[in-house]
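Start at 1 and go down the list; that is how both ligands and their atoms are numbered.
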Amino acid sequence: MASNPNDPNYAGRRKDWSHVEFETRAIRAGQDPDAEYASVIVPIYQTSTFRHQSLGKFNGYEYSRTDNPTRSALQASLASLEGGAWSLAFASGTAATREIATLLNPGDHILMSTDAYGGTFRLFDSVFGRFGVETSITDLSDMDAARAAVRPNTKLIWAETPTNPAMRITDIAAMAELAHGIGALLVVDNTFATPYLQQPLSLGADLVLHSTTKYLGGHSDVIGGAVVGNDPELYTQLKDLQNGAGAVPGPFDCWLTLRGIKTLPIRMDRHSENGMRIAEFLDAHEAIETVFYPGLPSHPGHELAAKQMRSFGGMVSFAMKGGREAAKKVVEGTSIFLLAESLGGVESLIEHPDTMTHASVSGTEQAVDGAVIRMSVGIENADDLIADLTQALAGI
Ligand SMILES: *Cc1c(COP(=O)(O)O)cnc(C)c1O
């Protein structure tokens, strides 16, 4: 972590909120009234540059690619919520992913979850592959498979948990042990769970990755990403890479994300409540073959999820008995659930992975079955959502 008090990320610049609970930190950590006018809301510092008082003397900020006060506030908030020493905010989740991959060298190997975010695999395989970084995939919910899949040159294990759309659960503590035993870093993509439901750093992960576009922002109105960690050396490396490559978020985007974060705990409670109700409804429906939701006792990852997550979140997938045709009718037949990609906003979304979010892997080994539908269950009234699904499923 930055030890120079001139560095905006220097912990001593901010009030320490580590003694209070998550819900309080979501509102106050990094979001204290500003020093100048005591505005209760963090200002949007819409400036590219900062005046120097004299040569070599400046108030922590020089140029907004390097650092910006609104971005620093967001970083302090995210670090506090994930229980990390530091955080770096990026222009998107994918930009944050790329920065982590640039820690590697030609000849290094990345092992990642089978159904991790499609864009992550595409980036590692088709971009970093050209620079000599190998990527292979395996089911990281199976520790024996993971142990068999690591190689002498594995430098990064990239686990997403829960995954999407199968909602597979990785044992974070066991995976951290495996990674550290072979000198690799464990990165956990915590986008689906959020720090409210799951704390990967406390379970031994080295870095947490977020697409803040999703639940952290929470209102489908901003694209952003973040990395959170504890190791000061990784901070310095990633900070230098970010400053050198420039994928930074704008101050307004950081501000929107900060605003979203304040309600994260109550939103996640409702997402989980509605997710559970809808999973149970679907589980009892005769047109449906399988429901993928870690909150259901029949889900293979249920016990593990109950151990490492506070609750089970709002992502629910299911496979139709009638296959692709039936799935198509359902996703086109809802009215409250909007047919759209992405997830994590207050509004409910429904989509067909094989033709939408996972189209880039369609026809490959990782292709998603055409019978599968994925939903991001929002925070609307659960009865309304169930009525909407009931009518969309009628006659199938
Ligand atoms: C959306 C998403 C990403 C990519 O984030 P962007 O903000 O879209 O670049 C990465 N991982 C997961 C799990 C995601 O859902």
Participant: If we count only N and O atoms by modelled type, under 3.5 Å, do the side chains of Thr97 and Tyr117 hold a donor and an acceptor together?
Facilitator: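 Absent: no donor and acceptor within the cut-off.
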
Participant: Got the closest protein heavy atom to atom 4 (C) of ligand 1, with its distance?
Facilitator: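 Among all protein heavy atoms, the one nearest atom 4 (C) of ligand 1 is Tyr117 CE2, 3.4 Å.
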
Participant: Against heavy atoms of Gly224, which atoms of ligand 1 measure under 4.0 Å?
Facilitator: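 Listed by number with element, the hits are 7 (O).
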
Participant: Any side-chain donor-acceptor pair under 3.5 Å between Gln237 and Asp240?
Facilitator: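 Gln237 vs Asp240: no donor-acceptor pair found between side chains.
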
Participant: Within the structure, does Leu343 bring an N/O atom to less than 3.5 angstrom of an N/O atom in ligand 1?
Facilitator: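 Checking ligand 1 against Leu343, no N or O pair falls under 3.5 Å apart.
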
Participant: Closer than 4.0 Å to some heavy atom of Gly93 - which atoms of ligand 1 meet that?
Facilitator: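 Once the distances to Gly93 are compared, the set is 5 (O), 6 (P), 7 (O), 9 (O).
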
Participant: Find out whether Tyr293 and Met315 are in side-chain contact, i.e. whether some heavy atom of one side chain is under 4.5 Å from a heavy atom of the other.
Facilitator: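 No - every pair of side-chain heavy atoms lies 4.5 Å or more apart.
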
Participant: Heavy-atom contacts with Thr213 under 4.0 Å: which atoms of ligand 1 show up? List them by number with element.
Facilitator: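 Listed by number with element: 7 (O).
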
Participant: Side chain or backbone of Thr94 under 4.0 Å from ligand 1, or both, or neither, by non-hydrogen atoms?
Facilitator: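 Both backbone and side chain of Thr94 come within 4.0 Å of ligand 1.
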
Participant: Going by heavy atoms in the side chains, are His52 and Lys57 under 4.5 Å from each other?
Facilitator: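 Not touching, per the 4.5 Å side-chain cut-off.
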
Participant: Measure the shortest side-chain to side-chain distance between Phe318 and His285 over non-hydrogen atoms and say whether it is less than 4.5 angstrom.
Facilitator: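 Side chain of Phe318 against side chain of His285, heavy atoms only: no contact under 4.5 Å found.
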
Participant: Between the side chains of His180 and Asp206, is a donor N or O closer than 3.5 angstrom to an acceptor N or O?
Facilitator: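 On atom types as modelled, these side chains qualify, holding a pair under 3.5 Å.
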
Participant: Hey, are His358 and Gln366 close enough side-chain-wise for a donor-acceptor pair under 3.5 Å?
Facilitator: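 No, because no side-chain N or O of Gln366 sits under 3.5 Å from a partner of the opposite role on His358.
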
Participant: Can you list the atoms of ligand 1 that are under 4.0 Å from a heavy atom of Phe192?
Facilitator: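 Heavy-atom distances to Phe192 below 4.0 Å select 13 (C), 15 (O).
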
Participant: Do Thr135 and Asp125 pair up side chain to side chain, a donor and an acceptor below 3.5 Å, judged on atom types alone?
Facilitator: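 There is no such pair (donor and acceptor under 3.5 Å, judged by atom type) between the side chains of Thr135 and Asp125.
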
Participant: Does Lys214 reach ligand 1 with a nitrogen or oxygen that is under 3.5 Å from one of the ligand's nitrogen or oxygen atoms?
Facilitator: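 Right, the criterion is met.
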
Participant: Which ligand 1 atoms, with their elements, are less than 4.0 angstrom from a heavy-atom of Asp189?
Facilitator: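 Near Asp189, the atoms of ligand 1 are 10 (C), 11 (N), 12 (C), 13 (C).
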
Participant: Please confirm whether Glu160 comes within less than 3.5 Å of ligand 1 when only nitrogen or oxygen atoms on both sides are compared.
Facilitator: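 So ligand 1 has no N or O lying under 3.5 Å from an N or O of Glu160.
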
Participant: Determine whether any heavy atom of Ala116 lies closer than 4.0 Å to an atom of ligand 1.
Facilitator: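 Judged by the 4.0 Å heavy-atom criterion, Ala116 does not count as contacting ligand 1.
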
